[in-house]
Trainee: 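First the structure, which I've put down as structure tokens, then a few questions once you've had a look.
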Amino acid sequence: MALLVQKFGGTSVGSIERIEAVAERVIQTRQLGHKVVVVLSAMSGETNRLLGLAKQIDEVPTPRELDVLLTAGEQVSIALLAMALNKRGFNAVSMTADQVTIRTDNAFNNANIISIDTDKLESQLDQGKIVVVAGFQGRDSDNNITTLGRGGSDTTAVAVAGALKADECQIFTDVDGVYTTDPRIVPAALRLPEIHFDHMQTMAACGAKVLQLQSVEYAQMHQVPLRVLSSFEDGEGTLVTFNTQYSSQVVGIAVQRSQALIEIAQSMDALQQQLELFGLRFWMVANTAQSAQIVVAIDDLPRLRLVFDNKMRHISDVATLSMVGDNVMTVTDAVTTALNNTNIQVHHNKQITDCVSLLIDETDHQVAMETIHRDFVNSQEILGNPSLLAVS
Ligand code: ASP
Ligand code: MG
């Protein structure tokens with residue numbers, strides 16, 4: 001008998017029919033004799049809907065109150081799934097972060113898990129129950145409600161799996177694994193049967209949405225076996241592992257869209273401090289004594305406007321493409337040439353050990369991803385390696 005943590009994302013619980021299907025999927029695992037803890041996201045679109053309500057009141061809502069609001073979505077989905085399981089004759093109980101005792105720091109909207117008390121979870125499991133935990137939420141030391149950042153249910157799942165020493169943390173989603181790039185943008189993208197933790201971490205840091213960055217870092221640190229699977233089809237998915245035989249100069253291409261190139265009339269030192277204080281992610285592309293050009297998420301512009309007002313100029317909408325792989329730096333020039341040949345200009349590039357990021361116009365992202373994928377991702381290795389195919 002194994003102990004499994006199964007996490008289902010928003011699309012997997014996006015309607016009553018899908019919640020019923022998740023109940024069936026969980027029951028399959030339970031009937032194999034395993035103990036199951038389920039972690040859920042809110043029904044798809046619900047977190048955005050709640051965020052939209054908040055923004056109708058205040059473009060930059062009070063962080064504490066935003067967390068009180070946004071956690072409502074997961075409370076709905078866990079109750080509905082527990083009902084669906086109970087109706088089928090399986091004893092299930094839903095639990096919020098408070099009921100489990102998931103402690104975080106007090107960084108509202110982007111909190112970090114500090115500890116998870118396993119006593120209450122274990123006592124429910126020992127009574128033979130399926131436990132359905134609300135993802136994305138925690139409580140700080142003053143018992144305020146906190147959230148773990150967008151996509152944070154992945155982190156709840158991995159942290160619960162780590163605390164319980166589960167045999168595997170299974171992330172069920174609307175794609176059947178981790179792909180070489182986003183298959184919704186590049187249909188030729190291929191599922192990776194395995195991916196190294198380091199590459200997965202870099203992909204997540206560079207915008208791959210399939211797993212939240214924090215969840216990968218946590219799994220890596222606590223050695224939680226992690227697998228990404230489809231909620232809708234059977235299959236082995238992608239195993240995130242320290243041990244993989246697959247290698248390619250470019251293992252994957254992550255894209256970050258909806259980014260803005262902006263100029264702020266302020267010296268870099270002061271600006272850097274302010275941006276870090278905000279906890280805001282940015283890419284510095286140029287700076288002079290009087291001003292700096294940076295890339296930020298379009299969603300962060302209202303917050304920045306509050307502070308910098310008319311010192312700030314929105315230059316253009318851009319996207320960043322990040323190629324991930326052990327020796328990826330060696331292909332930077334060849335990639336830039338290949339993109340220039342398709343009339344795509346690379347405005348800047350940034351290289352760190354296993355990642356090269358390119359700044360391009362937002363409108364070029366699809367052709368650029370297709371070009372790099374076609375010319376630099378070693379599809380033959382994925383399709384032609386029998387040991388890799390054996391697990392697919
Ligand atoms: N419901 C939250 C979000 O939409 C958390 C999650 O889905 O993981 O970001
Ligand atoms: Mg997600």
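In listed order, ligands and their atoms are each counted from 1. Numbering of residues begins at 1 and proceeds along the displayed sequence.
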Trainee: Between Asn144 and Arg64, is there a side-chain donor-acceptor contact under 3.5 Å, judged purely by atom types and distance?
Mentor: yes
Trainee: Hey, what's the ring geometry for His196 with Phe242, parallel, tilted or perpendicular (30° and 60° as the breaks)?
Mentor: perpendicular
Trainee: Is ligand 1 less than 4.0 angstrom away from at least one heavy atom of Gly73?
Mentor: no
Trainee: Mind checking whether Thr320 and Lys350 have side chains closer than 4.5 Å, heavy atoms only?
Mentor: no
Trainee: Can you tell me if Gly152 contacts ligand 1 (heavy atom of the residue under 4.0 Å from the ligand)?
Mentor: yes
Trainee: Can you sort out which atoms of ligand 1 are near Gly151, meaning under 4.0 Å from one of its heavy atoms?
Mentor: 3 (C), 5 (C), 6 (C), 8 (O), 9 (O)
Trainee: Can you check whether Lys7 has an N/O within less than 3.5 Å of an N/O in ligand 1?
Mentor: no
Trainee: Would Arg303 and Phe278 count as a cation-pi pair here, with the cationic atom under 6.0 angstrom from the ring centre and within 45° of the axis?
Mentor: yes
Trainee: Examine the proximity of ligand 1 to Glu74 and report which part, side chain or backbone, both or neither, has a heavy atom under 4.0 Å away.
Mentor: side chain
Trainee: Answer yes or no: are there more than 12 heavy-atom neighbours, outside Asp58 itself, under 6.0 Å from its atom CG?
Mentor: yes
Trainee: Looking at Arg150, which atoms of ligand 1 are within less than 4.0 Å of one of its heavy atoms?
Mentor: 3 (C), 4 (O), 9 (O)
